[in-house]
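Residue numbers begin at 1 in each chain, while the letters A, B, ... track the order of the sequences. FYI, side chains are in, hydrogens and waters are out, and symmetry mates aren't considered; it's all heavy atoms of this structure.
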There are 2 protein chains.
Amino acid sequence: MKTSQKKYKFAVIATDVVIFTVQENQLKILLIKMKKHPYTNYWAAPGGLVKPAESVDRAAQRNLVEKTGVRNVYLEQLYTFGKAERDPFGRVVSVAYFALIPSDGVKLQTTAEYGDVTWFPVGKLPKLAYDHEEIIKYALNRLKAKLEYSNIVYGLLPKEFSLSDLQNMYEIILGKKFDKRNFRKRILSLNLIQRLRKKRRGVANRPAELYSFESRKPRVVKVL
Amino acid sequence: MKTSQKKYKFAVIATDVVIFTVQENQLKILLIKMKKHPYTNYWAAPGGLVKPAESVDRAAQRNLVEKTGVRNVYLEQLYTFGKAERDPFGRVVSVAYFALIPSDGVKLQTTAEYGDVTWFPVGKLPKLAYDHEEIIKYALNRLKAKLEYSNIVYGLLPKEFSLSDLQNMYEIILGKKFDKRNFRKRILSLNLIQRLRKKRRGVANRPAELYSFESRKPRVVKVL
DNA sequence: TCAAAAGTGTTCGTGCTACACCCATGC
DNA sequence: GCATGGGTGTAGCACGAACACTTTTGA
């Protein structure tokens, strides 16, 4: 190790990922129960240190895969939290990310298996470790803002979905209702989604037309 | 130094600040000429390592003060650049910030003194070191976006300014013209600025009414 | 009196909002 | 046939866009 490195090496870099999904008409976040004092039985967004040869983005991805087993989901850097005293174990700077997981599950490996990895509705979060309350608030705001001016809802929806499903996502996350006819006109005029000419079967009501996203790449569009 | 720290200590944290100002009807960025190989005579946004007991935000502030002598200017975290190979000298993760300096100068200490610290118009940037081209592009996009939905122009304007000064800022940075009457109506309807009932004297034309910002705190507002 | 920038209203079109009823299916 | 969510059109209004001339000053 070179002197110049030794001289300045004092902060460790970690990533924390705020993982969102929608289940049972609620927006939820995946949290892990901590064991280490002083945060025993506090909960935290999954996180981990960045490895020597690994980019920060890649560390966040790895972190996500290790905790949930999901790949290829929406993942975006959020903000870097760098207060000197944010971690009682030492100087840790956290690069926070947020991830979106489709509401049809993509079967998470760890979810049901361990009691210490659980989805919490954003309205009923437990005691949070570190500055994770701040990080989660930040993530929520970003998510809400991005729904309005981008197409990233695709990250929360399954491949095929109805216009009502889509509208529901917006209503659940933004916490307000929209007029059905106006909402549909808006969305369809943006050319973000395409009709599949397929209907959802097996429901005790008129079957919904199914749609899919033209592209599952992030794009800025004024949606609302 | 504890073992757990030793084990993971491999990346150094730095901050880089993209400093904007408007001079001579051009948007400019402050850059520093580098000496170290392999970037001899390349230019870089001012940066520096984060000290042990210092928050990342504070490091960015310090960095800004040391390079320009200005305090209390608009400073916002931009994004964290964490590719493993971004710095040939070692593993350095950079938390990038951008700063806005009022167009009336706030007399920068270092600007004219050293030939190796210079304002460059964003359209005519020199060879840039590291990934600073990417960082600056990112900063530019953020700045443009934020002009549209926040009041942060205040960071670029002096305490007192005319509506034409304000419109000019928008035109210079966004690179398009606005209709004078519509622009004024828009701005005035937002209640972001107040008339000072004072006019600018000493110009060979009709003197402009002067205004100031109601508040110089960042606020999200749809401006355009 | 001239040059230069400041200041000021109205018209037109369009895009957002509000609103209620019929339809298709499974049970 | 009934309960459940799916699907559809229009009218009014508010807001954004386009547009040209008069005013005030210093030189």
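Where Leu163(A) and Arg201(B) meet DNA chain D, the nucleotide closest to each residue was compared, and Leu163(A) sits on the side nearer the 5' end. If you find the closest nucleotide of DNA chain C to Ala208(B) and to Asn182(B), the one lying nearer the 5' end belongs to Ala208(B). Mapping Lys180(A) and Gly202(A) onto DNA chain C by nearest heavy atom places Lys180(A) at the nucleotide closer to the 5' end.
Distance alone, capped at 3.5 Å, places no donor-acceptor pair between the Asp131(B) side chain and the Glu134(B) backbone. Asn63(B) places a side-chain N or O within donor-acceptor distance of the main-chain N or O of Thr15(B), the cut-off being under 3.5 Å.
To the nearest angstrom, C1' of dG26(D) lies 15 Å from CZ of Arg200(B). At whole-Å resolution of the value, CZ in Phe161(A) and P in dG5(D) are 20 Å apart. Here dG16(D) presents its P atom at 12 Å from CD1 of Ile187(B), a figure rounded to the nearest Å. At whole-Å resolution of the value, NZ in Lys222(B) and P in dC15(D) are 12 Å apart. At whole-Å resolution of the value, CG in Leu166(A) and P in dG6(D) are 12 Å apart. Spacing between atom CG of Leu190(A) and atom C1' of dG15(C) amounts to 13 Å, rounded to whole angstrom units. Whole-Å rounding puts the Glu171(A) CD to dG5(D) C1' distance at 13 Å. Atom CZ in Phe178(A) sits about 15 Å away from atom C1' in dA18(C), given to the nearest Å.
At dA6(C), one or more side-chain N or O atoms of Ser164(B) fall inside 4.0 Å of OP1 or OP2 (strictly under the cut-off).
The aromatic rings of Tyr74(A) and Tyr154(A) lie perpendicular to each other, with more than 60° between the two planes, well past the 30° mark.
Annotation for Arg142(B): atom CZ counts as buried by contact number, over 12 foreign heavy atoms lying within 6.0 Å. By the neighbour-count criterion of 12 heavy atoms within 6.0 Å, atom CD of Glu148(A) is densely surrounded, having more than that number from other residues, nucleotides or ligands.
Of the candidates dT25(D), dG5(D), dG26(C), dT25(D) carries the atom nearest the Asn205(B) side chain, counting heavy atoms from C-beta on. Checking dT8(D), dC19(D), dG7(D) against every side-chain atom of Arg181(A), the shortest atom distance belongs to dT8(D). Candidate nucleotides dG7(D), dT24(D), dC19(C) were compared by shortest atom distance to the side chain of Arg206(B), and dT24(D) ranks first.
Among the atoms of the strands shown, only primed sugar atoms or phosphate atoms (P, OP1, OP2) are found under 4.0 Å from some heavy atom of Arg186(B). No contact: Lys199(B) has no heavy atom under 4.0 Å from any strand.
Within 3.5 Å, no donor on the side chain of Lys185(B) pairs with an acceptor on the base of dG16(D), nor the reverse.
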